[in-house]
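These notes concern the structure reproduced below.
Proteins come first, then strands; the chains are lettered A, B, ... in the order of their sequence lines, and each starts at number 1. Computed from heavy atoms alone, side chains included, the values below leave out hydrogens, waters and symmetry copies.
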Number of protein chains: 2
Amino acid sequence: MSLPSEPVPQVLADALFRPVRAGNAFEETMERMLQAIRLGVVPPGGRLPPERELAARLGVSRVTLREALRALQEAGYVESRRGRYGGTFVRPTSADNLPLPPPGDLEDTLTLRLALETGAAEAAAARALTPQSRRHLRARLDDCTAAPLADYRRTDSRLHLAIAEATGAPSLTGAVADVRTRLNALLASIPLIPTNIEHSDDQHRAIIDAILAGDPVAARTAMAEHISGTASLLRGFLA
Amino acid sequence: MSLPSEPVPQVLADALFRPVRAGNAFEETMERMLQAIRLGVVPPGGRLPPERELAARLGVSRVTLREALRALQEAGYVESRRGRYGGTFVRPTSADNLPLPPPGDLEDTLTLRLALETGAAEAAAARALTPQSRRHLRARLDDCTAAPLADYRRTDSRLHLAIAEATGAPSLTGAVADVRTRLNALLASIPLIPTNIEHSDDQHRAIIDAILAGDPVAARTAMAEHISGTASLLRGFLA
DNA sequence: TCGCAATGGATCACAGTCGACCCATTGCCG
DNA sequence: CGGCAATGGGTCGACTGTGATCCATTGCGA
């Protein structure tokens with residue numbers, strides 16, 4: 001395979017020589033928009049930023065962005081209206097059965113998730129949170145406990161993202177969003193069990209309490225426990 | 001700025017609407033190659049994979065890859081030889097004064113680094129390591145303590161990457177490599193102080209001992225302490 | 001000594017992407 | 001009622017990136 005005189009570690013080389021881009025600009029743009037809809041960042045009925053602004057933020061030409069939006073429109077996920085106060089809106093009926101990217105490697109995803117989310121919980125707890133952040137965290141927790149079964153995974157995602165957001169670190173927030181998307185792809189293939197949801201709700205409360213109390217160790221511990229539950233569930237169903 | 005009826009969280013929206021790609025294919029390819037050289041993944045004098053294979057791994061056309069390699073060659077970082085057993089080789093003299101990407105936000109980088117590297121140390125310690133992995137970790141530790149001042153940061157990077165590699169999770173390894181590159185860009189602007197290096201060596205030993213002993217808690221703690229030292233140093237010089 | 005395999009070197013036609021520009025629609029507000 | 005601002009809709013020419021294909025060089029081994 002490789003010459004013995006080249007002791008290049010395989011895993012590391014694989015990491016550095018990984019693909020420079022996941023797909024073409026159109027595909028990646030569409031994926032991002034779907035991610036925003038799936039994770040509930042733009043709520044059903046909500047309006048996306050104007051095309052010109054969105055294209056600039058995504059670093060993509062408006063032509064390419066519009067191709068992606070047109071594909072989403074044809075698939076029924078969004079709807080565009082012209083004129084002042086027009087825009088592109090998320091169709092309220094499209095919350096379910098969104099296409100998910102193919103699940104990646106299970107252990108890879110779980111290992112990355114554990115590192116990122118426990119790190120985020122600890123960092124959020126270690127930080128002086130604004131009243132606004134505190135309110136946001138509490139609101140997401142309440143959404144989660146109040147959510148009907150069908151909305152559970154979306155509100156759950158939003159809670160976990162809110163924790164990452166509370167760290168104030170954009171890179172960490174983005175990384176958590178990405179790993180969450182991978183996790184959702186895995187979760188999509190296993191059933192929602194009411195008992196697990198009750199467990200999760202308790203754990204969520206413990207996590208948020210620890211963050212709001214400014215207790216990094218407790219926040220990390222609670223998050224680790226929570227994540228471990230989901231990991232076992234996934235391993236049981238998929239391994 | 002935005003309508004009050006759209007409670008889209010700013011940090012999260014920023015994370016999801018971040019640029020789809022960091023630059024054009026040529027730039028990103030060149031950046032990856034520099035990263036591989038900087039982090040010592042391909043050692044001085046070492047040979048890069050053949051162009052056809054490398055292009056395929058990076059998901060880029062051979063034409064684009066060759067443009068990047070030609071730029072590196074003109075800048076004196078690599079050298080190509082034709083014929084059987086030819087290839088593209090890293091110039092031994094080019095270890096120093098490699099161009100670094102502009103440093104990003106300090107706190108953002110440090111927060112992400114803390115999460116990823118403490119997570120990696122913990123995951124590595126929690127894992128049944130192969131004898132080969134154990135040897136690799138010890139070897140990188142020895143390189144680090146034995147390194148002359150000029151090589152310290154490269155051997156240090158390699159040690160930290162070896163820890164990430166030991167987790168067996170490619171995504172985590174890639175993420176650590178990326179954040180390390182950002183960290184190196186920051187470190188480049190502050191001096192190397194022998195006292196700090198001695199401290200680091202002790203901490204490195206404690207981390208590796210904990211990982212080899214299979215003690216996740218100790219590994220995390222030791223890594224957290226180590227990283228906190230570097231963080232203070234950076235905040236002192238840059239904040 | 002010669003053929004062959006493995007490598008880098010080069011070119012071309014085609015598809016993807018971009019930036020710039022202008023048009024079409026809508027509804028607020030003077 | 002009419003202008004205007006904000007939005008989506010569409011087109012064009014230039015540049016980027018790709019896949020395929022061939023060429024050039026080198027050195028091992030039959």
How close or far is atom [atom2] of [N] from atom [atom1] of [X], stated in whole angstroms?
X      : N       : atom1 : atom2 : answer
R52(A) : dA20(C) : CZ    : P     : 13 Å
E28(B) : dT17(C) : CD    : C1'   : 14 Å
E74(A) : dG9(D)  : CD    : P     : 11 Å
E79(B) : dT7(C)  : CD    : P     : 18 Å
F89(B) : dA6(C)  : CZ    : P     : 16 Å
E53(A) : dA6(D)  : CD    : P     : 13 Å
L54(A) : dC18(C) : CG    : P     : 13 Å
Q73(B) : dA10(C) : CD    : P     : 10 Å

Partners passing side chain to side chain contact (heavy atoms under 4.5 Å, CB included) against [X] (at least two apart in sequence or in another chain):
X       : answer
D143(B) : R140(B), T155(B)
R82(B)  : none
L114(A) : T118(A), I227(A)
R81(B)  : F89(B)

> When rounded to the nearest 0.5 angstrom, what is the spacing between CZ in R158(A) and SG in C144(A)?
Replying inline: 11.0 Å

> Which residues satisfy the salt bridge (charged side-chain N to carboxylate O under 4.0 Å, His left out) test with R127(A), sequence neighbours excluded?
Replying inline: none

> Who passes salt bridge (charged side-chain N to carboxylate O under 4.0 Å, His left out) against R18(A), sequence neighbours left out?
Replying inline: D178(B)

> Tell me the salt bridge (Lys or Arg N to Asp or Glu O under 4.0 Å) pairs involving residues 61-74 of chain A, sequence neighbours left out?
Replying inline: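 Non-adjacent pairs meeting salt bridge (Lys or Arg N to Asp or Glu O under 4.0 Å): E51(A)-R62(A), E51(A)-R66(A), R70(A)-E74(A).
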
> Any ring-ring contact (aromatic ring centres under 6.0 Å, His included) pairs touching residues 159-182 of chain A, not counting sequence neighbours?
Replying inline: H160(A)-H204(A), H160(A)-H226(A)

> Taking only residues at least two apart or on different chains, which pairs with a member in residues 21-54 of chain A satisfy ring-ring contact (aromatic ring centres under 6.0 Å, His included)?
Replying inline: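 Matches after skipping sequence neighbours: none remain.
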
> Looking only at atom types and distance, does a side-chain atom of R182(B) sit under 3.5 Å from a main-chain N or O of L110(B), one as donor and one as acceptor?
Replying inline: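 Such a contact is absent between R182(B) side chain and L110(B) backbone.
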
> Checking all strands, does R81(B) fall into the base, sugar-phosphate, or nothing category for heavy-atom contacts under 4.0 angstrom?
Replying inline: sugar-phosphate

> If an axis is fit to five pairs at each end of the helix from dT1(C)-dA30(D) to dG30(C)-dC1(D), what is the angle between the two, to the nearest 10°?
Replying inline: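 Nearest ten degrees gives 0° for this helix.
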
Look for any protein N or O under 3.5 Å of an N or O in nucleotides 26-29 of chain C and output each such pair with its distance, or none.
| residue | atom | partner | partner atom | Å |
| --- | --- | --- | --- | --- |
| dT26(C) | O2 | R84(A) | N | 2.7 |

>> Using a 4.0 Å heavy-atom cut-off to protein, can you give one letter per nucleotide of nucleotides 10-19 of chain D, 5' to 3': B if the base is in contact, S if only the sugar-phosphate is, - if neither?
In response: BB-----SBB

> Would you say a side-chain N or O of T88(A) is under 4.0 Å from OP1 or OP2 of dG8(D)?
Replying inline: yes

